[in-house]
Amino acid sequence: MQTHVQDTDGQNLALATSEEEVDRLNAEFYSAIRYPWPPHYFEQLADRRFWAAMLDQELGRAGSPVLPPGSGRVWVAGCGTNQAVITALMFPDARVVGSDVSTGSLEVAERNARQLGIGNLELRAESIHQAPYAEEFDYIICTGVIHHTADPAAALARLSAALRPAGVMQLMVYNRYRRTLSTAFQKAVRTLLGKGGFAHQEEFALARRFVHHYGGGGTLAPWFESLRELPDAALADILVQPVEHSYTVESLGAMAHGAGLELLAPCPNPLDAGDGTLDWEMELGDPELQRAYDALPDVRRWQVTNLLQLGHSPMLWFYLQRGTSPVARRTTRELCEAFVDSRCMKQRTTRRMYMSTPEGAYRPSERELPYPVWRGEGDARRVYEALDSNLPLRATLERVGIDPGDLRAVNRLRARLASSVFPFLKAHPRPG
C-alpha cells in the first residue's frame with residue numbers, strides 16, 4: 001500500500017513513502033539502538049490490583065473496571081525493549097501482548113521477561129499496520145509509536161479496531177510545539193549529509209559531533225548541552241529519526257475522531273511531572289478571561305492551553321475510548337467533583353525490586369520495600385498531612401484553605417495525589 005504524504009516544514013516526512021518501507025526503516029533503526037536503554041531496576045507490587053485500580057480511579061471507572069479481574073487483555077503496541085515487561089509486571093492478572101517491528105528490541109524484552117519469571121506476557125514481531133486484532137483488548141498502550149509511521153491515522157484506526165467496546169487506550173504522540181528543534185535538526189543533518197534514504201549510523205555520528213563540538217550560539221548551544229549526558233539510545237531517538245509526525249490537540253482530536261475514538265482525559269506521566277508541565281488547567285489572572293476559558297468543554301480548553309503555552313504545554317499523552325463506548329466519558333469537572341466527595345485513604349503496599357547487575361542481568365532484592373514513598377510538596381503535602389480518611393476529601397480541603405469548587409486547584413491535586421504518576425491516595429466513592 002503506497003501512502004502519499006506531503007513533506008512540510010514542520011515535520012520530518014520526506015521518507016514517509018509507504019507503510020512497509022517505514023516499518024522496515026524503524027525495524028532497522030530500533031534494532032540498532034535498542035530503545036529504551038536498560039533500566040536500573042524493574043519492580044512489582046504486592047497488591048496485584050494496585051495499578052488497575054489507579055487506572056480506574058483516573059478515569060472515574062468505579063464499577064466498570066477497564067481490566068476485569070482475572071480476564072483483562074492488554075496490548076502494548078510498539079513495546080520497545082522494556083514497556084511490555086513493565087506492563088506485565090504492573091498488571092500480573094492480565095494477559096499482555098507486546099508487539100514491535102524491531103526483533104532486536106523484542107530479544108531484549110524476551111531475555112528480561114525470562115529473568116524476571118514473567119508468565120503473563122507474549123511477545124510478537126509485528127507491525128501495527130498488519131496486526132489482525134478485532135475487539136480483542138481491554139486496554140491498549142501505544143506511546144511514542146504511531147508518529148513514526150508512514151500513516152499515523154491508519155495506524156490509529158488499527159488500534160481502535162483492536163479495542164473492545166468498553167476498552168481504553170493510552171496514546172502519546174509528539175506535541176508539535178515541543179518538537180521544533182529536534183525535528184528541524186533531524187532534517188538539517190540529513191541535508192548536511194547529502195544522501196538519499198536513511199543512513200542512520202552516519203547521521204548519528206554527525207549528530208554527536210554537533211552535540212559535543214558545536215561552537216555557535218543561539219538556542220542550539222544550551223539545547224546541545226542538555227543532551228550531552230544522555231545514553232546513545234536516547235540521543236539517537238531524539239536526533240536521528242527516519243520519520244516524525246507531530247500534532248496539536250486539535251489535529252490529534254481530529255485524527256482520533258476519524259478512527260472512531262474520543263479523548264477521555266490527559267494521562268499524567270513522569271516526563272511531564274519532571275518537566276513541570278503536568279497541568280492542562282491555566283491560571284489566566286483576569287476574571288473575564290478565566291470565566292471564558294473555564295466555560296469551554298474539556299477538549300477545547302486543552303486546545304487553548306496547547307496554543308498559548310506552546311513548547312511549555314504538556315505532552316500529548318491522553319486516554320481515549322471508542323465514541324460508541326457503553327461507558328460514558330466523565331468530564332474533568334465531574335471527575336473533580338467525585339474526587340472531593342470521596343473518602344480518600346493513603347495507599348499502603350510493598351514492592352519487590354529487581355536490580356540490574358554489572359553483567360546486565362536482573363536480580364531480586366532481599367526484601368520488599370514500602371510503596372508508595374511520599375514525595376509531594378505544596379498544596380499536595382498540606383492535604384496529605386491533614387487528611388481525614390473518615391470524611392469526604394472536601395472536609396480536608398476546607399480545613400487547609402482550598403476551595404473544593406475550584407476546578408483548577410482540585411484537578412492539580414488529583415494529578416499530584418491520586419494518579420498513576422503520584423499514586424498516594426485511593427478514593428472511595430460516596431455510596432449511591
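When a residue number appears, it is its place in the shown sequence, counting from 1.
By the side chain to side chain contact (heavy atoms under 4.5 Å, CB included) test, Arg190 pairs with Asn12, Leu15, Phe198, Glu203, sequence neighbours left out. For Arg330, there are no side chain to side chain donor-acceptor pair (under 3.5 Å) partners, not counting sequence neighbours. Every residue meeting the side chain to side chain contact (heavy atoms under 4.5 Å, CB included) condition with Val145, not counting sequence neighbours, appears here in chain and number order: Ile128, Cys142. Residues passing the side chain to side chain donor-acceptor pair (under 3.5 Å) test with Tyr30 are Asp237, Gln241, sequence neighbours excluded.
Counting only residues at least two apart or in different chains, ring pair (Phe, Tyr, Trp, His ring centres under 6.0 Å) contacts with residues 154-178 comprise His147-Tyr174, His148-Tyr174. Within the structure, salt bridge (Lys or Arg N to Asp or Glu O under 4.0 Å) pairs that include any residue of residues 79-95 comprise Arg48-Asp93 (at least two apart or interchain). Evaluation of the salt bridge (Lys or Arg N to Asp or Glu O under 4.0 Å) test over residues 245-258, restricted to residues two or more places apart or in two chains, returns none. A side-chain hydrogen bond (donor to acceptor under 3.5 Å, both in side chains) check over residues 360-369, counting only residues at least two apart or in different chains, returns the pairs Thr350-Glu368. Screening residues 249-278 for ring pair (Phe, Tyr, Trp, His ring centres under 6.0 Å), with sequence neighbours left out, gives no hits. Note on residues 112-121: pairs passing side-chain hydrogen bond (donor to acceptor under 3.5 Å, both in side chains), not counting sequence neighbours, are Glu110-Arg114.
Side-chain polar atoms of Glu244 and Gln11 form no donor-acceptor pair below 3.5 angstrom.
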Please tabulate, for the side chains in residues 420-427, all donor-acceptor contacts under 3.5 angstrom to protein atoms that are two or more places apart in sequence or on a different chain.
{"unit_1": "Ser420", "atom_1": "OG", "unit_2": "Glu58", "atom_2": "OE2", "d": "3.0"}

Without placing hydrogens or testing angles, list every side-chain donor-acceptor pair under 3.5 Å for residues 63-81, not counting sequence neighbours.
{"unit_1": "Arg73", "atom_1": "NH2", "unit_2": "Glu136", "atom_2": "OE2", "d": "2.7"}
{"unit_1": "Trp75", "atom_1": "NE1", "unit_2": "Ser99", "atom_2": "OG", "d": "2.9"}
{"unit_1": "Thr81", "atom_1": "OG1", "unit_2": "Pro36", "atom_2": "O", "d": "2.6"}

